[in-house]
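Excluded from the calculations below are hydrogen atoms, water molecules and symmetry mates; all remaining heavy atoms, backbone and side chain alike, are included.
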Amino acid sequence: MFDRSRKGERALLLQAQPPGQHDPALLEEFAELARSAGAGVVGTLAARLDRPNPRYFVGTGKAEELRELKNALDADLILVNHALSPVQERNLEKLTECRVVDRTGLILDIFAQRARSHDGKLQVELAQLKHMSTRLVRGWTHLERQRGGAIGVRGPGETQLEIDRRLLAARVKQLQKRLDKVEVQRNQARRSRERSALPVVALVGYTNAGKSTLFNAMTGAEVFAADQLFATLDPTLRRIDGLECGPIVLADTVGFIRDLPHDLVAAFRSTLAEAREADLLLHVIDASDPERDTRIADVERVLAEIDAADLPQVLVYNKIDRLESGVVRTEQLDRDGPLRVWVSARDGIGLESLLAAVGQSLASERVHRVVRVPAVSGRLRARLHALGAVASEQLDEAGWAIEIDAPRSLIEPLFGMPGGEGDWLKEALLAPTTVATYNQSGISRA
């Protein structure tokens, strides 16, 4: 085997595409990923690929061309814009005598640089170890066998590779337990916010669409924002007051990207839970991006993977300062479609319209009603408390006057309660009255 360079600063990019398809945006985005990881791009090589070659991913001739170009450019790293099998990665390294990293490994490296919180670092390490587990190779020739030291047990023992695999599996198990504890803590914090009746609004969107800049402009926070992919990894939460719907919690989340590795989506389930459990999503879109429709589709695909595709959205077209005819406006193309707000987070333009759209959307998706529940219906009261839907209540001789303030999606499952309570609750919450009283024969209104 060769001596791997540890510098990794001079990168040669390999971009493979099917015949007849040439998308310069794919290569430009991959080059931006490389620069975000700290590499300098010294050259690129395009390859037409009908189907992946099991040995080198690309054909033998293209692999030889890659080796020659690497030598000519004095590159010390080859980045491949596709997922490679362990065999393909090792064969390319042996042929080119150069370190080879595929798209998944590159994104993992960027995530490792960006992680700041404890759980973020755990999630990155877990994803890295799972990726590494299939790429262990023999690197300890002087320790080919670890022999037993006592009489009668001097067998061949374990190879160093077997020891590495066992230690790696133990570390993966340990990290998984720690992340399970972190997820429990996050769920407790989320239930606490639900009990305080504060709706959560999550910023989602393609990476580098301006989510963190918009978050800072809306909250006055100082979250790190830069013109690079995956500038923000760990979620940040801030409270915003003064909206039509009352105070909210705004969450800044990690950006999405096309072909986001599934292992990353699984490993970052707690981070992405801020989006999955939100009451409203602000889908931030780079209005100046010529590929914005493709970016929107990529984000919707990731939202579907984390079970957040059905959440209500407001589409935020950011960076209108880069458009010749960038005008602040709020529009709704069809009656049931999402609101679309055009803003510039960098210049602070259109934020009032955006906050008004958030308040309008949450007001329609939230239930705020006072109901009178008699003492004999303690089951209904207990269910409302368990969901964190009770803002306040008063007890008198007739029962409870309960003020419900919660997302409509949280309350609707109670409509199926037996004994008539679910039907009564549905009618009470949807009726245009301020106070409704439950009794066994139906509803009386006040």
Side-chain angles (χ1 to χ4, degrees), residues 23 25-26 29-30 33 81-83 103-104 107-108 110-111 120 123-124 126-127 130-131 179 183 186-187 190 194 199-212 214-215 229-230 232-235 249-287 289 291-318 332-341 357-358 361-362 364-365 407-410 412-413:
D23 186 357
L26 286 175
E29 181 183 85
F30 191 56
L33 275 175
N81 193 14
H82 198 279
R103 180 183 178 88
T104 301
I107 294 178
L108 282 171
I110 297 173
F111 274 40
Q123 289 166 339
V124 170
L126 177 61
K130 287 184 176 180
H131 184 66
L179 282 173
E183 189 166 9
R186 281 188 177 274
N187 289 335
R190 197 171 293 113
E194 289 175 352
V200 176
V201 179
L203 292 169
V204 299
Y206 208 81
T207 183
N208 207 27
K211 295 184 301 303
S212 295
L214 181 62
F215 182 85
L229 304 185
F230 298 120
T232 302
L233 178 60
D234 300 309
V249 173
L250 186 65
D252 185 20
T253 63
V254 64
F256 301 153
I257 195 170
R258 75 176 81 188
D259 300 325
L260 187 66
H262 292 284
D263 287 343
L264 277 182
V265 175
F268 281 78
R269 63 186 187 279
S270 3
T271 301
L272 296 173
E274 297 298 342
R276 187 175 63 246
E277 303 294 337
D279 300 292
L280 177 69
L281 299 179
L282 295 187
H283 183 168
V284 184
I285 302 160
D286 184 352
D289 189 348
E291 299 287 330
R292 72 186 187 195
D293 291 337
T294 303
R295 304 283 187 260
I296 293 173
D298 291 331
V299 171
E300 294 292 346
R301 196 174 300 113
V302 177
L303 289 175
E305 287 186 35
I306 63 173
D307 300 325
D310 296 330
L311 293 177
Q313 292 187 22
V314 171
L315 301 182
V316 184
Y317 286 82
N318 189 26
Q332 189 171 20
L333 298 184
D334 55 77
R335 196 172 114 185
D336 298 325
L339 287 173
R340 299 153 60 102
V341 186
V358 170
S361 299
L362 285 176
S364 62
E365 293 293 332
R408 188 177 302 276
S409 59
L410 194 69
E412 287 179 349

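The distance from atom CD of Q332 to atom CG of L339, rounded to the nearest 0.5 Å, is 5.0 Å. Expressed to the nearest 0.5 Å, how far CZ of F30 lies from CG of N81 amounts to 4.5 Å. Here the straight-line distance linking atom CD1 of I285 with atom CZ of R340 works out to 7.5 Å at 0.5 Å rounding.
In terms of modelled atom types and a separation under 3.5 Å, the side chain of D279 and the main chain of L362 share no donor-acceptor contact.
Side-chain N/O atoms of Y206 and E29 include a donor and acceptor closer than 3.5 Å.
Of all heavy-atom pairs spanning A287 and Y317, the tightest one is CB-CB, 4.0 Å. Here the shortest heavy-atom pairing between N318 and A209 reads ND2-O, 3.2 Å. Smallest separation of non-hydrogen atoms from A309 and A304: CB-CA, 3.9 Å. Here the closest heavy-atom approach between residue D289 and residue E291 is recorded as OD1-N, 2.9 Å. What you find for V284 and G210 is that their closest heavy atoms are CG1-C, 4.4 Å.
Across V200, V314, L311, a single residue satisfies side chain to side chain contact (heavy atoms under 4.5 Å, CB included) together with L280, and that is V314.
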### Task
Could you walk me through whether V204 and V302 pass the side-chain contact (heavy atoms from CB on, under 4.5 Å) test, one step at a time?
CA-CA 10 Å; V204 299; V302 177; over 6 Å; no
### Message
Quick one, V299 with I296, criterion side-chain contact (heavy atoms from CB on, under 4.5 Å). Give me CA distance, side-chain angles, the key distance, then yes/no.
### Response
CA-CA 5 Å; V299 171; I296 293 173; 5.9 Å; no
### Task
Start with the C-alpha gap between L282 and L250, add the side-chain angles, then the distance that decides, and say whether side-chain contact (heavy atoms from CB on, under 4.5 Å) holds.
CA-CA 10 Å; L282 295 187; L250 186 65; 4.3 Å; yes
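By the 4.0 Å N-to-carboxylate-O rule, D286 lies too far from R295 to be salt-bridged with it.
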